[in-house]
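Since the model is a prediction, treat every value here as computed from it, not as a measurement. Numbers restart at 1 for each chain; the letters A, B, ... are given by sequence-line order, proteins then strands. Every heavy atom of this structure was used, including side-chain atoms; hydrogens, water molecules and symmetry mates were not.
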Number of protein chains: 2
Amino acid sequence: MARYSYREEPISEDLKEEICPLTVTQNVIAGRWKIIILWHLSQNEIIRFNELLRMLPGISKGILTRQLRELEEDKLVHREVYKVVPPKVEYSLTDQGKKFMPILEAMQVLGKDLLNSKLS
Amino acid sequence: MARYSYREEPISEDLKEEICPLTVTQNVIAGRWKIIILWHLSQNEIIRFNELLRMLPGISKGILTRQLRELEEDKLVHREVYKVVPPKVEYSLTDQGKKFMPILEAMQVLGKDLLNSKLS
DNA sequence: CCGGATCCTGCATGATACTG
DNA sequence: CAGTATCATGCAGGATCCGG
């Protein structure tokens, strides 16, 4: 377990033994907004692009698109496009993505704890 | 729950209500090496600086110092300095830091899962 | 042995304008 | 509505030299 980065390389059987699983997870959720995106999707089942945009004050369209695309590449998020006018695109968690929910909840609980200890 | 950043500001009671706890946790563990540092500390109880350096191939001294300092500021890591020659500094998890262990384990399990799905 | 202090750099993020 | 395309930027991360 010595490798703490890999993004660009294809994953072989050998590499799989060598790569730190913790790092794999970290790389997947590393983006500035990814965790919060996953959280909103875990709370709402299905969300449209502009809805998500409104839920994330401060993010720009371009970034939201990129983070969603990366989550899609990593199989955490499903993207359903409806060929209508005006366009309609719905995002939802895949089964893979739902596996992150325990982590999100643990992080949520911990965050409240940290906030309290910053006050005292 | 509308604020997704805060680092620089002091935390007031009002802000506490407004800040997303998920983001708080994310900010604390956001560094490139922090999660792996926490994981090593959770496996070894006490680790010296250069030991940690050897455990993290690719990191530089300066960065390791900075990440450890930030973890210390956030009260996740304790730094014990022994005034001897040659110097000796030991790092360990605080009680606060140990609260992250469930998250680390969950991330570890998930990482293995993700690796497998990348092969098939 | 364990750092501190600088300087530099790349990439993720952000801002803005345009499109089917 | 849901994006693309392009350019601008800030800051985490890294390299290097110095010090007790």
(Q) Under 4.0 Å from a heavy atom of chain B: give me the 5'-most and 3'-most nucleotides of DNA chain C that qualify. (A) C:dC1 to C:dG4

Q. After noting the C-alpha distance and the side-chain angles of B:Ile46 and B:Glu80, does the key distance pass the side chain to side chain contact (heavy atoms under 4.5 Å, CB included) rule?
A. CA-CA 10 Å; B:Ile46 291 179; B:Glu80 186 72 34; over 6 Å; no

**Q.** Transitive ILVMFWY side-chain link A:Ile37 to A:Met55, under 4.5 Å
**A.** yes

Q) Hey, quick one: are A:Leu71 and A:Ile63 part of the same hydrophobic cluster, counting side-chain heavy atoms closer than 4.5 Å, chains of contacts allowed? A) yes

Quickly work out the [X] [atom1] to [N] [atom2] distance and round it to whole Å.
| X | N | atom1 | atom2 | value |
| --- | --- | --- | --- | --- |
| A:Leu68 | D:dC1 | CG | P | 16 Å |
| A:Lys61 | D:dC1 | NZ | P | 9 Å |
| B:Trp33 | D:dG13 | CH2 | C1' | 10 Å |
| B:Ile35 | D:dG13 | CD1 | P | 11 Å |
| A:Leu52 | D:dC1 | CG | P | 14 Å |
| A:Ile63 | D:dG3 | CD1 | P | 14 Å |
| B:Leu56 | D:dG14 | CG | P | 11 Å |
| A:Arg32 | D:dA12 | CZ | P | 12 Å |

**Q.** D:dT4 OP1/OP2 closer than 4.0 Å to side-chain N/O of A:Arg69
**A.**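 Checking D:dT4 against A:Arg69, a side-chain N or O does come within under 4.0 Å of OP1 or OP2.
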
Q. Counting only non-hydrogen atoms, which of residues 77-92 of chain A are less than 4.0 Å from DNA chain D?
A.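 Going residue by residue through residues 77-92 of chain A, the ones with a heavy atom under 4.0 Å of DNA chain D turn out to be A:Arg79, A:Pro86, A:Pro87, A:Lys88, A:Val89, A:Tyr91.
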
Q | Listed partners of A:Glu90 passing side-chain hydrogen bond (donor to acceptor under 3.5 Å, both in side chains), at least two apart | A |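 With sequence neighbours excluded, A:Glu90 shows a side-chain hydrogen bond (donor to acceptor under 3.5 Å, both in side chains) to A:Tyr82, given in chain and number order.
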
Q: Would you please name every residue forming a side-chain hydrogen bond (donor to acceptor under 3.5 Å, both in side chains) with A:Arg79, sequence neighbours left out?
A: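 A:Arg79 satisfies side-chain hydrogen bond (donor to acceptor under 3.5 Å, both in side chains) with A:Tyr91 once adjacent residues are dropped.
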
Q.
Can you tell me how far apart OG (A:Ser117) and NZ (B:Lys75) are? Round to the nearest 0.5 Å.
A. 9.0 Å

**Q.** Atom pair CG (B:Leu41) and NZ (B:Lys98), whose distance is rounded to the nearest 0.5 Å
**A.**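 Answer rounded to 0.5 Å: 10.5 Å.
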
**Q.** Sequence neighbours excluded - salt bridge (charged side-chain N to carboxylate O under 4.0 Å, His left out) pairs with any residue from residues 45-56 of chain A
**A.**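 Passing the test, one end in residues 45-56 of chain A: no pairs.
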
Q. Of the candidate nucleotides D:dG14, D:dC1, D:dT4, which contains the atom at the shortest distance from the side chain of A:Asn50?
A.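 Side chain of A:Asn50 sits closest to D:dC1.
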
Q) From D:dG3, D:dG13, D:dC1, pick the nucleotide closest to the side chain of A:Arg48? A) D:dC1

Q) If we only count heavy atoms from C-beta on, is the B:Ile35 to A:Thr25 side-chain gap below 4.5 Å? A)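 With C-beta onward as the side chain, the pair stays apart.
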
(Q) Contact between A:Trp33 and A:Leu64 at the side-chain level, heavy atoms closer than 4.5 Å - yes or no? (A)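 They are not in side-chain contact.
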
Q: For B:Lys88, look at atom NZ and say whether over 12 heavy atoms of other residues, nucleotides or ligands are found less than 6.0 Å away.
A: yes

**Q.** Degree of bending, the helix from C:dC1-D:dG20 to C:dG20-D:dC1 (end axes from five pairs; round to 10°)
**A.** 50°

